[in-house]
Every structure is written in C-alpha cells, then in structure tokens.
J.: 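I have a structure I would like to understand better, so I am pasting it below and will then ask my questions one at a time.
By convention in this document, chain letters (A, B, ...) are assigned in the order of the sequence lines, proteins followed by strands, and residues within each chain are numbered from 1.
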There are 2 protein chains.
Amino acid sequence: MMSRSLDPHALEVVRAVGARGGVGAAAELLHVTPSAVSQTLQALSRDVGMPVTERVGRGVRLTPAGEALAAASVDVAVALERARAACDALRTDPGGEVTVSAFASGARMLFPTLLTWAQGVPGLRVVLADGDVATDQFAALTDEIDVVVGHHPEGEDPWAGIGRRVVPLLREPLDVALPLDHRLADRSWLTPQDLADERWISVREGFPVAEVLSAITGGAPHVTQRLNDFSVVEALVAAGHGISLLPRYTTSAQGRFRLLPLRGVRAARSIAALARPDRAERLAVRRVLDRLVADAASLTAPH
Amino acid sequence: MMSRSLDPHALEVVRAVGARGGVGAAAELLHVTPSAVSQTLQALSRDVGMPVTERVGRGVRLTPAGEALAAASVDVAVALERARAACDALRTDPGGEVTVSAFASGARMLFPTLLTWAQGVPGLRVVLADGDVATDQFAALTDEIDVVVGHHPEGEDPWAGIGRRVVPLLREPLDVALPLDHRLADRSWLTPQDLADERWISVREGFPVAEVLSAITGGAPHVTQRLNDFSVVEALVAAGHGISLLPRYTTSAQGRFRLLPLRGVRAARSIAALARPDRAERLAVRRVLDRLVADAASLTAPH
DNA sequence: AGCATCTCTGTAGCATCGCTGCATGATGTC
DNA sequence: GACATCATGCAGCGATGCTACAGAGATGCT
C-alpha cells in the first residue's frame with residue numbers, strides 16, 4: 001500500500017542530501033548510515049512517482065523534483081515546529097534543550113549572562129559550544145546547532161537568501177590596541193593615516209576582523225602574526241610585538257595596553273544569531289533568541 | 001527514545017477528534033478502530049508532555065493544548081500537500097484520483113462537461129458523487145470528499161471561518177415556474193406582489209431555495225409540497241399542482257411550463273466549491289477546481 | 001592498463017511502531 | 001439495577017526503518 005502522505009523525515013533527508021551534496025555527508029549529518037539515506041530516497045521516489053536523485057560521477061545530485069521537495073521540506077518543518085510551539089506556549093516552562101554556538105570573543109561577551117538566565121528558567125537546558133569558523137561557514141553550523149552566533153564586517157550581508165533566520169544582535173566597533181609605550185599611546189583617538197607602516201597582529205584570512213583591517217589600511221597591511229584567540233593577541237600587543245584591531249566590548253585593556261577608537265572610517269563588526277527556520281519556531285529557541293537580543297542591547301547601552 | 005518531531009498523522013487524528021467530537025466518530029472518519037485513535041492520542045500526549053484530550057462524561061474533548069495542535073495540524077497538512085504539488089507540477093500528467101460531490105441540480109449542470117474534460121487528462125480520475133444535504137452540512141462532507149459543490153441563498157456567507165477553501169463558481173438566478181394555463185403565464189416578468197396567495201411547491205426546510213422563497217414572499221409562503229428533486233417539481237408544476245421557484249440554468253421548460261424572471265427582488269442562489277485546505281493543495285484537485293470555475297463562467301456567459 | 005579509493009546501492013536480520021480484535025472500565029439512561 | 005454507549009488496556013501481527021556488511025560503478029594515480 002502506498003503511503004498517502006509524504007513523510008516529513010524523508011523530506012528532511014532530501015534537504016540534507018541537497019545541502020551536503022551527497023548521501024554519505026547527509027547520513028553523517030543525520031547520524032544514520034548511508035544505506036538508510038539511500039533507502040529513504042528510494043522510498044520517497046516511489047511515493048512521488050519520479051526519482052528525487054540522479055547519479056553524477058560517483059556521487060548523486062537532486063533532480064528538479066528533489067530540489068522542489070527539499071525547498072518544500074522547510075515549510076513542512078516550520079509548520080511542525082510551530083505546532084509544537086503552539087502547544088508549549090500553554091506550559092509554564094519552555095522546556096527542552098537548546099544548543100548555542102558562538103565564536104570565541106562573542107561567547108565571552110554573551111555566554112555568561114545567557115547561562116545565568118537559563119539556570120533560572122525551569123526545564124530549559126542551554127548547551128554551549130564555541131566554534132571559530134570563517135564568515136561563510138557559520139550558516140552550515142545551524143544544521144547541527146540550534147542557535148549560532150556569528151559575525152561579519154559591517155555593511156556586508158553574507159547571510160541573505162540562504163534560508164536561515166537571521167537575528168541582528170549588535171554592532172561592535174573595532175578599536176586599535178597599542179602597547180603602553182607606543183608613540184601614539186597618549187592620543188585619545190586615531191585615524192587610518194596615523195597607522196601607516198605599523199606592524200599588525202591580525203586574525204586568519206576569511207575572518208571578519210581581518211577584512212576590516214584590510215579595508216581601513218587601504219590594501220595589504222603589514223601583518224606579522226595571525227592568531228584567532230584575542231587573549232593571545234592582547235598579550236602580544238601588551239608585550240610590544242605589534243598593534244592590533246580588537247572589538248570594543250569584548251576587550252578590556254585593564255592597563256596592560258591602550259585601546260583607542262578610530263575616526264574617519266567605519267570600523268566595526270556586526271554580530272547576529274543564525275538559526276534554521278524550523279528550529280527558530282521552537283519556543284525554547286525563541287526565548288534564547290529574545291534573551292540574546294536583550295543582552296546585546298544592554299551591552300551597548302552603557303557605552 | 002522520544003520522537004524528536006511531531007507525527008503529522010497524529011496531528012490529523014487530533015483534528016478529527018476535535019471536529020467529530022469523539023474518539024469513535026474520529027475513528028470512523030479515519031477508517032481505523034477507536035483503539036488506534038486512543039493509542040495515538042496517548043502517544044501524542046506523551047510527546048508534547050501534556051494531555052491533548054480530557055474525559056467529559058463518557059466522551060472526550062480536546063484540552064487547550066489539543067485545540068492548539070488541531071489548529072496547527074492544518075498548516076502541517078497544507079505544507080505537506082504543497083510539497084507533493086510542487087513535485088507533481090514537474091510532471092506532465094496531474095495524476096491521482098479526485099472525488100467530487102455536488103447537489104443534484106448542480107451536478108446536472110457541471111458534471112457532464114467536467115467528466116468529459118477529465119477523460120482527456122492522462123492519469124486523472126474523477127470520482128463523482130451526488131449528495132443532497134442542507135447548507136450547513138456541505139462543509140462536513142469535505143472530510144471525506146475532495147471537492148464539494150454546494151449552494152446557499154445569495155448574500156449569505158455560511159462558509160466563512162470554518163477552515164475550508166471556498167471557490168465561488170456562479171450566481172444562479174431563481175425564476176418562477178408557472179403552468180402554461182396559469183393566469184400570469186403570458187407575462188414576461190413577475191414581481192413578488194404578483195405572487196401573493198399562490199400555492200407553492202418548494203424544497204425541504206434548510207435548503208437554499210426554500211429560504212429564498214420565504215424571503216421574497218415576506219413570510220411563510222403557502223407551500224403544498226416539499227420535494228428536493230427538481231425534475232419531480234417540474235412535472236408537478238406542468239400538471240398544474242402549483243407554482244415553484246427554480247434555478248434558471250438548471251431548468252429547461254421545453255414548453256411544458258413557463259419560466260419567468262422576478263423583478264424588484266434579488267432571488268438567486270450562490271454556488272461554490274468547498275475543499276479542505278490541504279486537499280486543495282493537490283495539483284489534481286487544483287486542476288479540477290480551475291476547471292469548475294471555467295465551466296461555470298461559460299455557463300453564465302451565453303445568458 | 002591496472003589497482004586502490006571513494007561513493008552509492010543491495011540484502012539479511014533486528015528492533016520498533018501502529019493497527020486489529022477482544023476484554024475491561026467508566027458513565028449516562030431506562 | 002440492567003443496559004447501552006463510549007473510551008481505554010493488552011496481546012499479537014504485519015509493516016517499516018535501521019544497522020552491518022557485501023557488491024557495483026566511477027575516478028584518479030602509478
């Protein structure tokens with residue numbers, strides 16, 4: 001007997017195959033064996049009366065029908081999670097587990113208050129993770145993690161049209177960190193012109209701060225080191241190994257070095273939370289997102 | 001292990017229980033045993049962490065959570081059928097079986113051309129049924145039948161806010177049928193005043209034409225017979241047993257009696273197609289609905 | 001060309017799930 | 001108090017989805 005209605009799980013499998021570009025990769029994402037994925041695709045093809053995948057080389061790709069189903073799968077998942085959320089809304093405790101990932105400096109800024117809040121919410125369990133990836137890889141994390149806090153150079157919009165819910169959190173200016181004995185250390189602000197011929201300590205290519213640095217120096221800055229851990233960068237700056245560009249709210253100089261604002265140029269990173277649309281429907285996830293927005297607002301307000 | 005995602009079928013069960021007001025009635029609608037429905041409800045309650053039904057007397061009713069899920073179930077079903085339709089749209093033949101029901105006179109008007117068209121569409125199978133029910137019962141038929149053609153007195157809107165797709169088809173004026181030897185038979189049109197003190201042959205209470213008759217006679221008309229089969233009514237009128245109100249496009253006097261339009265009063269019935277929102281997403285169902293609209297338009301155009 | 005590698009597909013066995021059929025429990029009705 | 005009605009609990013069965021392993025097809029390297 002043929003199934004009268006499509007199976008949402010099969011649709012999710014198609015979506016995963018389309019997103020990851022292969023049966024094996026999709027299986028890994030879904031935590032099943034490739035065989036299970038292959039069989040699910042076959043069953044689905046039988047249901048809709050036409051193949052949803054076709055072989056190309058030694059891999060597969062979605063047929064037009066498969067693409068259509070993958071796209072529709074999102075709406076189905078959203079509707080299902082909305083159903084659960086509508087039900088959860090009637091309960092006092094949001095309940096459930098929410099996984100949250102953030103890049104290191106964002107995590108330092110947001111996680112402490114988030115976790116404190118979460119402990120006071122009955123039934124809610126926030127699982128933290130820190131993932132330091134390039135700008136274009138944040139979205140991929142949302143396949144496994146409910147809320148991904150990412151950042152990108154101000155003005156860009158790298159996450160438009162990729163089918164992810166984007167919740168802007170805050171705009172964080174990037175300031176210049178100088179050793180205390182630097183020739184510019186007694187200034188109260190700096191311009192890009194002041195910083196020609198400086199030795200920079202930056203982050204790896206593809207990460208937001210590096211791109212902003214290239215923009216304000218008008219080309220290829222003289223970068224002596226590339227380190228993604230800001231606390232290490234801070235230590236190097238304090239020790240006089242160069243100057244750096246550091247996010248304002250995340251960095252506390254505490255007398256170890258000077259942190260001066262830039263004028264005449266917009267140097268900042270934008271921080272936002274990303275989530276898959278269906279995950280974003282979950283009540284607990286919505287609460288976490290709301291909380292992140294509130295926390296971010298209170299971070300910028302005092303400054 | 002707890003199911004991570006809600007089961008669409010379970011949601012449909014909840015919807016059926018809410019709509020039919022009981023486990024047994026819902027089971028009948030879904031063609032399963034009451035036991036299956038009961039167990040499904042239990043499993044769902046476990047999933048959402050709170051009961052979806054509660055006992056009241058010897059029956060059950062939905063809890064607020066159950067109501068929420070029943071409402072959300074519609075969106076899930078729509079999203080699922082949209083997925084299938086998006087896929088079917090890539091195919092040449094719409095495919096599948098569509099059940100269509102209509103009241104008798106509507107069926108006579110629409111079914112012949114509909115069936116002729118359907119035979120020319122590969123893969124499509126239109127299953128006809130005629131169901132003569134009161135205005136407020138058409139919607140209930142959509143639980144079992146894809147497309148239900150119903151009618152109601154002009155101006156009313158009995159199918160608003162019941163969660164059914166309503167596709168208006170046509171407005172059919174109601175004319176007065178007179179025996180050939182009636183005192184008014186040589187007139188070219190009539191007014192309500194002309195028709196005081198007449199003996200009427202009408203349809204059973206609760207059916208559209210009966211309500212229109214009460215409206216134009218300004219109270220309780222003198223009804224001698226109530227028959228729902230218009231061909232019988234026509235025979236009675238021709239034989240001089242009274243006058244009647246008959247739909248213009250459905251009736252062909254063919255010299256057996258006179259059919260005169262009314263002036264000074266709006267006497268008509270509105271005909272529309274009803275469908276459950278999820279069923280209406282199916283490509284084959286959409287094609288049938290489109291065809292009905294076109295057929296209805298071509299019926300009224302020549303007049 | 002030959003071989004190793006990578007990726008998807010096919011088969012057997014196993015666990016799980018939903019449904020039926022019947023028995024039981026609860027609640028109004030005569 | 002007996003009965004009818006409606007829902008629920010339980011055992012058994014068939015269907016379904018998964019894993020583990022074996023096979024097939026394509027790619028690329030030597």
Side-chain angles (χ1 to χ4, degrees), chain A residues 1-48 50-63 65-67 69-70 73 76 80, chain B residues 1-48 50-63 65-66 69-70 73 76-77 80:
Chain A
M1 157 118 187
M2 138 175 193
S3 71
R4 206 75 205 86
S5 175
L6 264 44
D7 177 10
H9 183 245
L11 292 179
E12 177 64 18
V13 169
V14 173
R15 203 201 61 77
V17 170
R20 293 297 168 103
V23 172
E28 189 180 4
L29 176 64
L30 299 169
H31 302 113
V32 294
T33 59
S35 182
V37 171
S38 182
Q39 291 175 68
T40 301
L41 291 177
Q42 255 185 295
L44 185 61
S45 296
R46 192 172 40 77
D47 270 2
V48 301
M50 58 202 331
V52 294
T53 57
E54 59 191 358
R55 298 215 61 143
V56 46
R58 58 187 168 192
V60 294
R61 79 162 157 238
L62 298 185
T63 61
E67 296 283 359
L69 288 173
S73 138
V76 174
L80 276 170
Chain B
M1 158 113 186
M2 137 179 193
S3 71
R4 206 76 204 84
S5 174
L6 263 44
D7 176 10
H9 183 246
L11 292 180
E12 177 63 18
V13 168
V14 173
R15 203 201 61 77
V17 170
R20 293 298 169 102
V23 172
E28 190 179 4
L29 176 64
L30 300 170
H31 303 113
V32 294
T33 59
S35 182
V37 171
S38 182
Q39 290 174 68
T40 302
L41 291 176
Q42 254 185 299
L44 185 61
S45 297
R46 190 170 42 76
D47 270 1
V48 301
M50 59 204 325
V52 295
T53 57
E54 59 190 358
R55 299 215 59 145
V56 47
R58 59 185 167 190
V60 294
R61 78 162 158 240
L62 297 186
T63 61
L69 288 174
S73 139
V76 174
L80 277 171

J.: Please report, rounded to the nearest Å, how far the P atom of D:dT19 is from the CG atom of A:L30.
T.: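 Distance, rounded to whole Å: 10 Å.
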J.: Could you state the atom-to-atom distance from CZ of A:R46 to P of D:dG17 in whole Å?
T.: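 In whole Å, D:dG17 P lies 9 Å from A:R46 CZ.
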J.: Checking B:R61 now: which residues fulfil salt bridge (charged side-chain N to carboxylate O under 4.0 Å, His left out) with it, not counting sequence neighbours?
T.: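 With neighbours one apart ignored, the set is B:E54.
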J.: Just to verify, what does A:E67 make a salt bridge (charged side-chain N to carboxylate O under 4.0 Å, His left out) with, not counting sequence neighbours?
T.: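 Listed in chain order: nothing, the list is empty.
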J.: Please state whether the phosphate of C:dC17, meaning OP1 or OP2, lies under 4.0 angstrom from any side-chain nitrogen or oxygen of B:T40.
T.: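 Looking at the OP1 and OP2 atoms of C:dC17, neither is under 4.0 Å from any side-chain N or O of B:T40.
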J.: Output all residues satisfying side-chain hydrogen bond (donor to acceptor under 3.5 Å, both in side chains) with A:E28, sequence neighbours left out; order by chain, then residue number.
T.: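 Here no residue qualifies.
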J.: Just how far, in rounded Å, is C1' of D:dT19 from NE2 of A:H31?
T.: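 From A:H31 NE2 to D:dT19 C1': 16 Å.
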J.: Is there any protein nitrogen or oxygen under 3.5 Å from a nitrogen or oxygen in nucleotides 3-9 of chain C, and what are the pairs?
T.:
| residue | atom | partner | partner atom | Å |
| --- | --- | --- | --- | --- |
| C:dC8 | OP1 | A:V23 | N | 2.7 |
| C:dC8 | OP2 | A:G24 | N | 2.7 |
| C:dT9 | OP2 | A:S38 | OG | 3.0 |

J.: Please report the shortest heavy-atom distance between A:V76 and A:P8, naming the atom on each side.
T.: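 A:V76 and A:P8 have their closest heavy atoms at CG1-CB, 4.1 Å.
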J.: Does the C:dT20 base have a donor-acceptor partner in the side chain of B:Q39 within less than 3.5 Å?
T.: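 When only heavy-atom distances are counted, B:Q39 does reach the base of C:dT20 through a donor-acceptor pair under 3.5 Å.
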J.: With sequence neighbours excluded, tell me which residues meet side-chain hydrogen bond (donor to acceptor under 3.5 Å, both in side chains) with A:Q42.
T.: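 Scan of A:Q42 (side-chain hydrogen bond (donor to acceptor under 3.5 Å, both in side chains), adjacent residues dropped) gives none.
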J.: Output the rounded distance in Å from CG (A:L11) to P (D:dG17).
T.: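 Between P of D:dG17 and CG of A:L11: 13 Å.
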J.: Can you check the A:E28 CD to D:dT19 C1' distance for me, whole Å?
T.: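 The answer, rounded to whole Å, is 17 Å.
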J.: Looking at side-chain heavy atoms only, is the closest gap between B:V37 and B:V32 below 4.5 Å?
T.: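 With C-beta onward as the side chain, the pair touches.
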J.: Take the protein atom CG of B:L44 and the nucleotide atom C1' of D:dT8, then report the distance between them rounded to whole Å.
T.: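 Interatomic distance, CG of B:L44 to C1' of D:dT8: 17 Å.
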J.: Under the side-chain hydrogen bond (donor to acceptor under 3.5 Å, both in side chains) test, which residues partner B:S45, sequence neighbours left out?
T.: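 Scan of B:S45 (side-chain hydrogen bond (donor to acceptor under 3.5 Å, both in side chains), adjacent residues dropped) gives none.
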J.: Considering heavy-atom distances to DNA chain D, does A:G57 or A:V37 have its closest nucleotide positioned more toward the 5' end?
T.: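 In this pair, the answer is A:V37.
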J.: Grab the NE2-C1' distance between A:H9 and D:dT16 for me, whole Å please.
T.: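 Result: 13 Å.
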J.: Measure the distance from CG on B:D7 to P on C:dG18 and round it to the nearest whole Å.
T.: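 After rounding, the gap between these two atoms is 7 Å.
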